[in-house]
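Let me begin by presenting the structure, written as structure tokens, before commenting on it.
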Amino acid sequence: KMKINSVHAREILDSRGNPTVEVEISTKLGSFIGVSPSGASTGEHEAVEKRDGGSRYLGKGVKKSVQLINSKIAKSLIGKSCLNQKKLDELLCLIDGTDDKRKIGANGIVACSMAIARAGAASYKKPLYTHLNDIYSKLYGKKIAVKIPQGYFNVLNGGRHAANKLAFQEFMLVPSANSFAKQLQMVSEIYHHLQVLLIKKFPGQVIAVGDEGGFAPPLSKPEEALNLLVKAVEIAGYSKKVSFAMDVAASEFYSERKGRGKSSGEYRAHKMFNASSLMKYYISLCEKYNIVSIEDPFDENAFVDFASLRKLISQNSNLKKRKIQIVGDDLTCTNSLRVKVAVLEESCDCLLLKVNQIGTVTEAMQSAVLAQKNGWKVMVSHRSGETSDTFIADLAVGIGCGQIKSGSTARGERVAKYNQLLRIEERMKRR
């Protein structure tokens, strides 16, 4: 058995300059790191991050979580084999003892879980993506093929990720190519053309970059963003090879808290919408632009509105052939209980998978299994507060989900994931 010899947590900084938890687990083969990311646009049903409060780091310190890991969790993990991910993840949940990980903090638990996975991969002398594939196949009940994912690249930012008036959070490029290396090249070229367009459109103004590396220009309407993307793609020479995707993050501009999840609430974007008028607006955008994916189009409890949009798209003669996917993020929170509700309501056909939303690698995989067994797609995702850790690149390949989003082709913590996919793709081609 490959025993865990030590567990040590520390406080480090994420890409927004906020503290996060890093956990280092050692075996006789060396030390293995797990790091927690952090979201800005977070769903109310997510597992809870533990923060210290007070004035230090504006209350966002993670010393309490670090202390609990270095005492309670370390004591329980030392001497255990790192080869059984599911068993150790269940132990982490048991130590915390709450439904939402609030005692230790999901930010601490997920870092432990990821470090265990890396230690396990080294023990089996396998790349991380292969080890994750073995774990996932066992949970699924059959061998799942590893797969290099399609990238969804966020190049224009709004919402909680940018200081502009654009309510919709992400506008993404979805390049069609026969390799991830080519996808990355295409998006990088378009990104640079987009920068030139923005400098010309807003002369003398600073064109800021949002949390996820996409530009955050002074736009207010989704059409303005999409028109710029269409033009940049055209200049780059990829007009017929690139589609678009949006992460609306509609909970962030849903204004009636008493009526959460009902069609009675208002959505304050560039103009006021109710659920019905917002639905029609999405349809009009899809008819005008080659949009293939819409994430969180309504409030995080509006299962029925999600389902109504899916139905409306399927009944639209212009759109049903395109197979536009409706992605659940704040709606589902990588939580199998919420995925079950969304399956019953037919709310989505794609799950956004964020390991820190639920707290452990095993629980995230269980949600992905549930989604895929019900005919859904899965998109592995970064968070807006990231580190240079590349775990999610291996995870996307390992579970064979075929989709990933990790921001734009700028900012090191975003590009780190894409560069890891280049390495994995190269390795897989050599086999």
Side-chain angles (χ1 to χ4, degrees), residues 42-47 86 89 93 99-100 106 135-142 144-145 147 149-150 152 245-251 254 260-263 275 278-279 282 286 292-316 319-320 322-381 395-396 398-405:
T42 54
E44 65 179 43
H45 305 287
E46 288 194 25
K86 186 171 183 285
D89 281 346
C93 293
D99 290 339
D100 56 9
I135 297 167
Y136 191 69
S137 296
K138 194 173 180 180
L139 287 172
Y140 201 98
K142 71 172 188 178
I144 300 297
K147 188 178 183 181
Q150 168 67 55
Y152 286 71
M246 300 187 301
D247 173 9
V248 180
S251 293
Y254 184 74
R260 303 218 64 174
K262 298 176 183 177
S263 299
L278 187 56
M279 220 170 286
Y282 292 139
C286 290
V292 294
S293 180
I294 305 173
E295 181 183 328
D296 280 352
F298 301 102
D299 176 63
E300 60 199 309
N301 293 305
F303 288 95
V304 173
D305 292 333
F306 272 71
S308 297
L309 177 61
R310 280 194 68 208
K311 191 174 181 182
L312 210 59
I313 288 169
S314 70
Q315 291 172 343
N316 185 299
L319 301 179
K320 60 182 177 183
R322 202 186 301 167
K323 295 181 180 177
I324 299 163
Q325 67 181 14
I326 303 300
V327 185
D329 175 18
D330 291 344
L331 185 82
T332 45
C333 285
T334 315
N335 185 319
S336 57
L337 296 175
R338 292 189 68 80
V339 174
K340 282 176 185 173
V341 176
V343 166
L344 287 171
E345 296 284 355
E346 299 183 348
S347 303
C348 314
D349 52 4
C350 183
L351 170 69
L352 200 76
L353 196 75
K354 295 173 174 172
V355 184
N356 81 314
Q357 271 186 334
I358 191 65
T360 65
V361 171
T362 300
E363 289 170 293
M365 284 186 172
Q366 285 168 337
S367 293
V369 167
L370 179 62
Q372 288 188 319
K373 284 193 171 182
N374 281 282
W376 288 23
K377 294 171 185 173
V378 174
M379 185 189 295
V380 167
S381 173
L395 180 65
I399 68 172
C401 65
Q403 299 185 35
I404 191 170
K405 70 168 186 172

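Side chains are part of it too, since the values below use all heavy atoms of this structure and drop only hydrogens, waters and symmetry mates.
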Measuring from atom [atom1] of [X] to atom [atom2] of [Y], what distance do you get when rounded to the nearest 0.5 angstrom?
| X | Y | atom1 | atom2 | value |
| --- | --- | --- | --- | --- |
| Ile294 | Ile313 | CD1 | CD1 | 5.0 Å |
| Asp349 | Ile324 | CG | CD1 | 10.5 Å |
| Thr362 | Lys138 | OG1 | NZ | 10.5 Å |
| Tyr152 | Gln403 | OH | CD | 3.5 Å |
| Lys405 | Glu295 | NZ | CD | 3.5 Å |
| Leu278 | Asp299 | CG | CG | 11.0 Å |

In a table with atom names and distances, give each donor-acceptor pair under 3.5 Å that connects a side chain of residues 364-374 to protein atoms at least two apart or in another chain.
| residue | atom | partner | partner atom | Å |
| --- | --- | --- | --- | --- |
| Ser367 | OG | Thr334 | O | 2.8 |
| Ser367 | OG | Ser336 | N | 3.1 |
| Ser367 | OG | Glu363 | O | 3.4 |
| Gln372 | OE1 | Tyr136 | OH | 2.5 |
| Lys373 | NZ | Tyr140 | O | 2.9 |
| Asn374 | ND2 | Leu370 | O | 2.8 |

Any sub-3.5 Å donor-acceptor pair from [X]'s side-chain atoms to [Y]'s backbone N or O?
| X | Y | value |
| --- | --- | --- |
| Arg322 | Val292 | no |
| Asp89 | Thr360 | no |
| Asp329 | Leu352 | no |

Please determine if Glu46 and Lys354 form a salt bridge, counting it only when a charged side-chain N lies under 4.0 Å from a carboxylate O. no
Carefully, step by step, assess Ile144 and Ile399 under the rule side-chain contact (heavy atoms from CB on, under 4.5 Å). CA-CA 7 Å; Ile144 300 297; Ile399 68 172; 5.9 Å; no
Among Lys323, Gln325, Gln150, the one residue meeting side-chain contact (heavy atoms from CB on, under 4.5 Å) with Lys377: Gln325
Tested for side chain to side chain donor-acceptor pair (under 3.5 Å) against His45, the lone hit among Asp100, Asn301, Asn335 is Asn301
Using every non-hydrogen atom in the two residues, find where Ala275 and Asp305 come nearest and quote the distance to one decimal. CB-OD2, 3.6 Å
Exceeds 12 heavy-atom contacts within 6.0 angstrom, atom CD of Glu346: no
